[in-house]
Amino acid sequence: MSGQSPTFDGHAARLLLLLLAFRADRKALKGLTKLAKLDFLLRYPVFLERLLEADSIDWPENAAPTDAERLEVEEPMIRYKYGPWDQAYYPILGSLISRGLVKMSSSQRTRTFALTESGKAAAEALAQIDAWGLTAARSTVLSDHFDLTGNRLKDRIYEELPEAVDRPMWEQIR
């Protein structure tokens, strides 16, 4: 990144941090459904907290939802066919791919997303910025405790967070 701080909109930064957390041993995040469900839990930390509690897992220090997050979601998602969704994924991922930060591969209906070396450097730089530290920490929580298939994540959301999906199609999840 030639010594400069990377600049990204909130959606792109959040996806880079999520991909960084899931990079460790696996090198890639498999499936757009998985990416969307993980992003949902990242954007809705109160719902993530409920799943952590159901699994008897405590938040790491300084990663629990803030009082403001308990009242309102900063970047709401919509209810779509298979649960929470954001129509911005395609242009955001396209932008990250065209910038050489993310690479995508496809095989038998499954897309796999991985950071390039430039993407890894950008995500690591973002994780060091105070404003993104909480998102980076929560991404690690997701990687440590919710590295499930996209379908399994979808099922858990439907089973354990019904208010996120018991609503009409296209309605915002609040």
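Residue pairs meeting the salt bridge (Lys or Arg N to Asp or Glu O under 4.0 Å) criterion with at least one member in residues 118-130, sequence neighbours excluded, are K120-E124.
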Going through the checks in order, is the side chain to side chain contact (heavy atoms under 4.5 Å, CB included) test met by L41 and L52? CA-CA 11 Å; L41 294 172; L52 288 169; over 6 Å; no

Before you tell me yes or no, could you show the steps for L20 and L16 under side chain to side chain contact (heavy atoms under 4.5 Å, CB included), namely the whole-Å CA-CA distance, both residues' side-chain angles and the distance that decides it to 0.1 Å? CA-CA 6 Å; L20 179 66; L16 284 172; over 6 Å; no

Between L48 and F146, is a side chain to side chain contact (heavy atoms under 4.5 Å, CB included) present by the stated rule, with each step listed? CA-CA 10 Å; L48 174 55; F146 296 94; 3.6 Å; yes

For F22 and K34, run side chain to side chain contact (heavy atoms under 4.5 Å, CB included): C-alpha distance rounded to whole Å, both residues' side-chain angles, the deciding distance at 0.1 Å, then the answer. CA-CA 11 Å; F22 277 81; K34 181 174 182 171; 4.1 Å; yes

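By the salt bridge (charged side-chain N to carboxylate O under 4.0 Å, His left out) test, E171 pairs with R167, sequence neighbours left out. Here D55 pairs with R156 under the salt bridge (charged side-chain N to carboxylate O under 4.0 Å, His left out) rule; sequence neighbours left out. Residues meeting the salt bridge (charged side-chain N to carboxylate O under 4.0 Å, His left out) test with E163, sequence neighbours left out: R50.
Residues E117 and R23 are paired through a salt bridge, judged by an N-O separation under 4.0 Å between the basic side chain and the carboxylate. Electrostatic pairing of R79 and D166 does not count as a salt bridge here, judged by no charged N lying under 4.0 Å from a carboxylate O.
Proximity of S105 to R111: side-chain heavy atoms (C-beta onward) are nowhere separated by under 4.5 Å.
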Contacts table for residues 61-68: side-chain donor-acceptor under 3.5 angstrom, sequence neighbours left out:
from	atom 1	to	atom 2	distance (Å)
T66	OG1	E69	N	3.1
T66	OG1	E69	OE1	3.4

Show every donor-acceptor pair shorter than 3.5 Å between a side-chain atom in residues 86-97 and any protein atom, with sequence neighbours excluded, or say none if there are none.
from	atom 1	to	atom 2	distance (Å)
D86	OD1	A88	N	2.8
D86	OD2	R43	NH1	3.1
D86	OD2	R43	NH2	2.7
Y89	OH	D39	OD2	2.6

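Put simply, the residue from L153, L51, L18 that forms a side chain to side chain contact (heavy atoms under 4.5 Å, CB included) with L142 is L18.
In this structure, S118 contributes its side chain and L101 its backbone to no donor-acceptor pair below 3.5 Å. Proximity of a side-chain donor or acceptor of Y44 to a complementary backbone N or O of I173 within less than 3.5 Å is detected. Under the 3.5 Å distance criterion, the side-chain polar atoms of T110 are left unmatched by any main-chain donor or acceptor of S106. Side chain of T116 to main chain of G100: a donor-acceptor pair is present (N/O by atom type, distance under 3.5 Å, no hydrogens or angles).
For the pair A36 and P84, the tightest heavy-atom approach, listed with the atom from each and the gap, is CB-O, 4.3 Å. K154 approaches K37 most closely through the heavy-atom pair N-CG, 4.1 Å.
One distance of note links CD1 of I157 with CZ of R152; it measures 10.5 Å at 0.5 Å rounding. Atom-to-atom distance recorded for W170:CH2 and I78:CD1 is 4.5 Å, nearest 0.5 angstrom. Put simply, CG on L17 and OG1 on T135 are 6.5 Å apart, with the number rounded to the nearest 0.5 Å.
Hydrophobic cluster membership differs between I57 and V46, with clusters built from Ile, Leu, Val, Met, Phe, Trp and Tyr side chains linked at under 4.5 angstrom. Taking hydrophobic clusters as Ile, Leu, Val, Met, Phe, Trp and Tyr residues chained together by side-chain heavy-atom distances below 4.5 Å, L134 does not share a cluster with L71.
Because its NZ or CZ atom is both nearer than 6.0 Å to the ring centre of W59 and within 45° of the ring axis, R138 counts as a cation-pi partner of that residue.
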